[in-house]
**Student:** 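Submitted below is the structure of interest, expressed as structure tokens.
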Amino acid sequence: MKKILSLAFLALFFCKVYAEEAVVRVKAKILTPLKLEVIQNINFGDIFKGGKNFIAKDTGELKVSGNGRVRLLWKDSLKEDYQPLDNELSIIMSDNKGNSFTALVSPNKIESLNDFIVNENSDKIVKINGKIEKLNKSLPEGDYSGTILIRAEYISN
């Protein structure tokens, strides 16, 4: 019986000696949700078919609010992949009959929109220019529109 107790004690002793523990810390940082507000849409106004080099008469304007490091991405709503808002973007302008042409939009940037800071004291205003390089003479008259999707994301430190 003493042998069994001794073996049990030794087994318990060796289990404790060879066991290890690790401490894993769990952290979280709560962020204010990002907010995007369209202040003004891009508007070319009245333009004529067959014309060239149209510049938007109303520049688009977007306000970004939050608290941290942010990047902006965008895409034409008809396309799949977002790209950095620092790049020029071509968008499809179409009427309700399936006619279309391409317009180009680009930020009127002073600094990078791929990594900037917003906080409760400092929102970011982004201005977006538009241009149409050429309109086909056979393009039917009518109202044409396109849509840009803009995504704001926090960047981890």
Side-chain angles (χ1 to χ4, degrees), residues 18-157:
Y18 291 108
E20 291 189 36
E21 294 179 352
V23 176
V24 177
R25 305 228 187 282
V26 180
K27 299 178 7 174
K29 180 179 181 180
I30 306 297
L31 298 172
T32 303
L34 285 168
K35 181 178 176 187
L36 294 176
E37 179 183 348
V38 176
I39 297 170
Q40 181 169 290
N41 290 301
I42 301 168
N43 181 19
F44 285 96
D46 296 334
I47 55 178
F48 55 94
K49 55 185 170 176
K52 295 180 181 181
N53 301 321
F54 298 103
I55 302 297
K57 92 177 184 183
D58 296 325
T59 300
E61 204 167 308
L62 179 76
K63 181 168 109 176
V64 183
S65 304
N67 191 19
R69 289 177 57 209
V70 178
R71 75 170 159 218
L72 294 178
L73 304 164
W74 64 354
K75 71 176 190 165
D76 180 322
S77 65
L78 301 175
K79 297 179 183 169
E80 294 181 20
D81 296 327
Y82 279 92
Q83 64 183 32
L85 200 127
D86 287 343
N87 299 332
E88 185 174 72
L89 179 71
S90 72
I91 62 166
I92 304 298
M93 304 279 292
S94 59
D95 66 5
N96 59 1
K97 297 175 185 158
N99 301 301
S100 64
F101 64 90
T102 301
L104 299 171
V105 293
S106 60
N108 181 12
K109 61 183 176 184
I110 297 170
E111 59 192 301
S112 173
L113 300 172
N114 224 7
D115 187 352
F116 60 92
I117 297 195
V118 291
N119 58 47
E120 54 276 342
N121 299 322
S122 175
D123 296 331
K124 176 78 168 172
I125 303 295
V126 178
K127 295 185 184 247
I128 303 170
N129 300 317
K131 68 181 176 181
I132 299 169
E133 293 179 341
K134 182 179 175 184
L135 284 178
N136 190 322
K137 288 181 182 179
S138 65
L139 195 63
E141 292 181 12
D143 293 327
Y144 288 77
S145 63
T147 307
I148 302 166
L149 300 178
I150 299 177
R151 174 186 289 171
E153 299 176 342
Y154 276 119
I155 300 171
S156 302
N157 289 336

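In this chain, numbering begins with 1 at the start of the sequence shown. Please read all numbers here as calculations on a predicted model, not as lab measurements.
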**Student:** Say you draw a straight line from OG of Ser156 to CZ of Arg69; how long is it, rounded to the nearest 0.5 Å?
**Tutor:** 8.5 Å
**Student:** Hey, could you give me each pair passing salt bridge (charged side-chain N to carboxylate O under 4.0 Å, His left out) that has a residue in residues 95-106? Not counting sequence neighbours.
**Tutor:** none
**Student:** Please identify each residue that fulfils side chain to side chain donor-acceptor pair (under 3.5 Å) with Gln83, with sequence neighbours left out.
**Tutor:** none
**Student:** Which is it for Lys29 and Leu31 under the side-chain contact (heavy atoms from CB on, under 4.5 Å) test, yes or no, and what are the steps along the way?
**Tutor:** CA-CA 6 Å; Lys29 180 179 181 180; Leu31 298 172; 3.9 Å; yes
**Student:** Got more than 12 heavy atoms from elsewhere within 6.0 Å of NZ, Lys35?
**Tutor:** no
**Student:** Which residue, Leu113, Asn114, Leu73, forms the side chain to side chain contact (heavy atoms under 4.5 Å, CB included) with Leu85?
**Tutor:** Leu113
**Student:** Identify the two heavy atoms, one from Leu139 and one from Ser100, that lie closest to each other, and give their separation to 0.1 Å.
**Tutor:** CD1-O, 3.8 Å
**Student:** Could you grab the distance from atom CD1 of Ile42 to atom CG of Leu62, nearest 0.5 Å is fine?
**Tutor:** 10.0 Å
**Student:** Above 12 or not: heavy atoms from other molecules or residues under 6.0 Å from CG of Asp143?
**Tutor:** no
**Student:** Crowded around Lys134 NZ? As in, over 12 foreign heavy atoms under 6.0 Å?
**Tutor:** no
**Student:** Strictly by ring-ring contact (aromatic ring centres under 6.0 Å, His included), give each pair with a member in residues 46-68 just once, sequence neighbours left out.
**Tutor:** Phe48-Phe54
**Student:** Residues in side chain to side chain donor-acceptor pair (under 3.5 Å) with Asp86, at least two apart?
**Tutor:** Ser112
**Student:** Of all residues at least two apart in sequence or in a different chain, which pass the side-chain contact (heavy atoms from CB on, under 4.5 Å) check with Ala103?
**Tutor:** Phe44, Ile91, Met93, Ile132
**Student:** Let me see the working for Thr59 and Asn108 under side-chain contact (heavy atoms from CB on, under 4.5 Å), right down to the final yes or no.
**Tutor:** CA-CA 9 Å; Thr59 300; Asn108 181 12; 5.5 Å; no
**Student:** Kindly compute the distance separating CG (Leu149) from CG (Leu89), expressed to the nearest 0.5 Å.
**Tutor:** 10.0 Å
**Student:** Would Asp115 and Arg71 count as a side-chain contact (heavy atoms from CB on, under 4.5 Å) if you check the C-alpha gap in whole Å, the side-chain angles of each, and the deciding distance to 0.1 Å?
**Tutor:** CA-CA 5 Å; Asp115 187 352; Arg71 75 170 159 218; 5.8 Å; no
**Student:** Which residues satisfy the salt bridge (charged side-chain N to carboxylate O under 4.0 Å, His left out) test with Glu37, sequence neighbours excluded?
**Tutor:** Lys63
**Student:** I would like to know whether Thr102 and Ile92 meet side-chain contact (heavy atoms from CB on, under 4.5 Å); could you show each step before the answer?
**Tutor:** CA-CA 5 Å; Thr102 301; Ile92 304 298; 4.0 Å; yes
**Student:** Which pairs pass ring-ring contact (aromatic ring centres under 6.0 Å, His included) with one or both residues in residues 55-103, sequence neighbours excluded?
**Tutor:** Phe101-Tyr144
**Student:** Considering residues at least two apart in sequence or located in another chain, which fulfil the side-chain contact (heavy atoms from CB on, under 4.5 Å) criterion with Leu104?
**Tutor:** Glu88, Ser90, Lys131, Glu133
**Student:** Side-chain atoms of residues 119-130: list all donor-acceptor pairs with protein atoms under 3.5 Å, sequence neighbours left out, distances to 0.1 Å.
**Tutor:**
| residue | atom | partner | partner atom | Å |
| --- | --- | --- | --- | --- |
| Asn119 | OD1 | Asn121 | N | 2.9 |
| Asn119 | OD1 | Ser122 | N | 2.9 |
| Asp123 | OD1 | Ser65 | OG | 3.2 |
| Lys124 | NZ | Glu111 | OE2 | 2.8 |
| Lys127 | NZ | Glu61 | OE1 | 3.3 |

**Student:** Mind checking side chain to side chain donor-acceptor pair (under 3.5 Å) for Thr147 and listing every partner two or more places apart, or none if nothing turns up?
**Tutor:** none
**Student:** What residues, two or more places apart in sequence or in another chain, satisfy side chain to side chain donor-acceptor pair (under 3.5 Å) together with Asn43?
**Tutor:** Asp58
**Student:** Identify the two heavy atoms, one from Val70 and one from Ala152, that lie closest to each other, and give their separation to 0.1 Å.
**Tutor:** CG1-CB, 4.3 Å
